[in-house]
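First up is the structure itself, then whatever we jot down about it.
Heavy-atom basis, side chains included; hydrogens, waters and symmetry copies ignored. Counting convention: from 1, in listed order, for ligands and their atoms alike. Numbers here are sequence positions counted from 1.
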Amino acid sequence: MSANADLLARRIASIPRGVSVATGVFAARAENAEIWDIEGKRYVDFAGGIAVLNTGHRHPKVMAAVKAQLEAYTHTAFQVMAYEPYVALCERLNAIAPFKGQAKTILFTTGAEAAENAVKIARAATGRSAVIAFTGGFHGRTMMTMALTGKIAPYKRAFGPMPGEVFHVPFPIPHYGVTAEDSLKALQFLFKADVDPARVAAIIVEPVQGEGGFHTVPRELFAALRRICDENGILLIADEIQSGFARTGKMFAIEHSGVEPDLVTVAKSLAGGFPLAGVIGRAALMDAAEPGGLGGTYAGSPVSCAAALAVLDVIEEEKLLARADAIGARLRERLAQASRRNDLAPIAQVRGPGAMIAFDLVKTRGGNEPDPDMAKKVTARALESGLVLLSCGIYGETIRILVPLTASDALIGEGLDILETALRVN
Ligand SMILES: Cc1ncc(COP(=O)(O)O)c(C=O)c1O
């Protein structure tokens, strides 16, 4: 039995299937946009640990900052004895908050925890209970974020009842027949039929849906949501956990919309591979919860804070906002070419801002009928040929590219060549 097959058998025997198996291979080491498995096979990484590695695996600056922190202290619990890296990071995040006026930031460990706490802060600040989210949205797997997540299988089935006071409106995907106008109409119906807007604490939305398939909130919908929030005293939460930290060519994806949120959830690429999350918000709202009401034993680990401070330096020094645009232009061009080729599986809807790029596998060229089986085949073939690639989307029909923004042109080209081979119809 091969080393990977042996470890896969041990994994299946010892770990519940609820943590799904995307690949049957196991990591041995990784560097920037490359991973080697335990059998020595090399992979180009277009997954970035699910949007965590905008600055690549083990960026030298991040590693140096972490090593220095490890030599000083690794844990005190911020609420017991605080430390400078947490404070310095919150100052940096406040300075880049995508809204005008004073900001405050609190740190957590996982994305779901950030989304949970954004809801808690919104409830404390407004004295209201209800939260509105979107179909196809993904906000996490904890009890409240599972309820916010707009997809039943596999996230919600068998885990009910859901926490109350969570409502969904359709996310606009015009090629599946839902327009921004439909979304707004549904919101008005919701206000008439199910929940008084005066009881709504917040609307939470991903400026670009991640797991849902890299669909962007149209500008006019964002503007309308902001107006509806302002008219009704509702807070607007931007979930930037997947779209943040230069992925879209801006520090936060909502900056493309011209709309300012009240609260922003961050995680993933914030700390370049170390567990860290946060809520950035308008200062007046952030102080609503009483002392002790927010936090967590490991929340804002000093090791992760040191990593995050280095990540923010790297984004600036290596001009990763511009790099995301350049990578995105290259990906879009290659995928547009691929969409015209008859020897490749039919692909459609190449989309996404900056380097947050995705496309759908469809049954027929020029059509929109999703082909999730082909998407599965493409990711499996890509892995076989040395490319780690993720699918997503409502039907699992979407291929998304989350290559580190620090990857060289040559490596991205190599990944695209493998992707093209994986798309070939025999
Ligand atoms: C937009 C968004 N919100 C929340 C989460 C949950 O983050 P975590 O898996 O760290 O709990 C994710 C994870 O994929 C995400 O993409």
Side-chain angles (χ1 to χ4, degrees), residues 18-20 22 47-54 98 106-122 131-151 154-156 159 166 168 171 202-217 222 236-248 250-254 256-257 261 263-280 296 298-301 304 307-308 311 352-358 390-394 396 398 400-402:
V19 195
S20 66
I50 324 184
V52 168
L53 298 165
N54 289 354
I106 181 166
L107 301 176
F108 301 99
T109 309
T110 67
E113 231 188 320
E116 289 266 344
N117 279 280
V119 172
K120 284 171 64 175
I121 293 164
V131 187
I132 296 171
F134 283 84
T135 59
F138 183 82
H139 302 286
R141 291 181 174 85
T142 56
M143 206 50 97
M144 185 64 182
T145 58
M146 169 177 63
L148 293 172
T149 288
K151 191 173 180 183
Y155 305 121
K156 300 165 107 154
F159 300 133
V166 174
H168 288 91
F171 189 92
I203 297 177
I204 184 167
V205 65
E206 296 160 87
V208 183
Q209 282 197 335
E211 305 304 302
F214 286 20
H215 301 290
T216 301
V217 176
F222 241 138
L236 185 60
I237 305 173
D239 184 342
E240 293 269 5
I241 287 165
Q242 189 149 163
S243 56
F245 301 102
R247 174 53 52 188
T248 69
K250 303 263 190 204
M251 194 58 92
F252 299 108
I254 196 168
H256 293 280
S257 74
L263 300 169
V264 184
T265 54
V266 293
K268 292 195 184 269
S269 275
L270 165 62
F274 293 83
L276 189 66
V279 179
I280 308 168
Y298 297 109
S301 148
S304 298
V311 162
M356 194 164 177
I357 302 292
L390 291 175
S391 61
C392 63
I394 303 177
T398 303
R400 57 177 151 171
I401 299 177
L402 290 162

Ring pair (Phe, Tyr, Trp, His ring centres under 6.0 Å) between Tyr298 and Phe108, worked out: CA-CA 7 Å; Tyr298 297 109; Phe108 301 99; over 10 Å; no
Could you note down all residue pairs passing side chain to side chain donor-acceptor pair (under 3.5 Å) where residues 136-150 supplies at least one of them, sequence neighbours left out?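 Output for this query lists Glu116-Thr142, His139-Asp239, Thr142-Thr145.
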Can you pull the residues with any heavy atom under 4.0 Å from ligand 1?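 Under the 4.0 Å cut-off, ligand 1 touches Thr110, Gly111, Ala112, Phe138, His139, Gly140, Glu206, Glu211, Asp239, Ile241, Gln242, Lys268.
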I need the full list of salt bridge (charged side-chain N to carboxylate O under 4.0 Å, His left out) pairs touching residues 202-217, with sequence neighbours left out, sorted by first then second residue.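 Sorted pair list: Glu211-Arg400.
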Between Ala118 and Leu263, what is the shortest heavy-atom contact and its length?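 Reported closest heavy-atom pair: O-CD1, 3.6 Å.
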Closest non-hydrogen atom pair, Val131 against Ile204: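 Closest approach of Val131 to Ile204, heavy atoms only: CG1-CG2, 4.2 Å.
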Non-neighbouring partners of Tyr155 that pass ring pair (Phe, Tyr, Trp, His ring centres under 6.0 Å), sequence neighbours left out: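 Tyr155 satisfies ring pair (Phe, Tyr, Trp, His ring centres under 6.0 Å) with Phe138 only.
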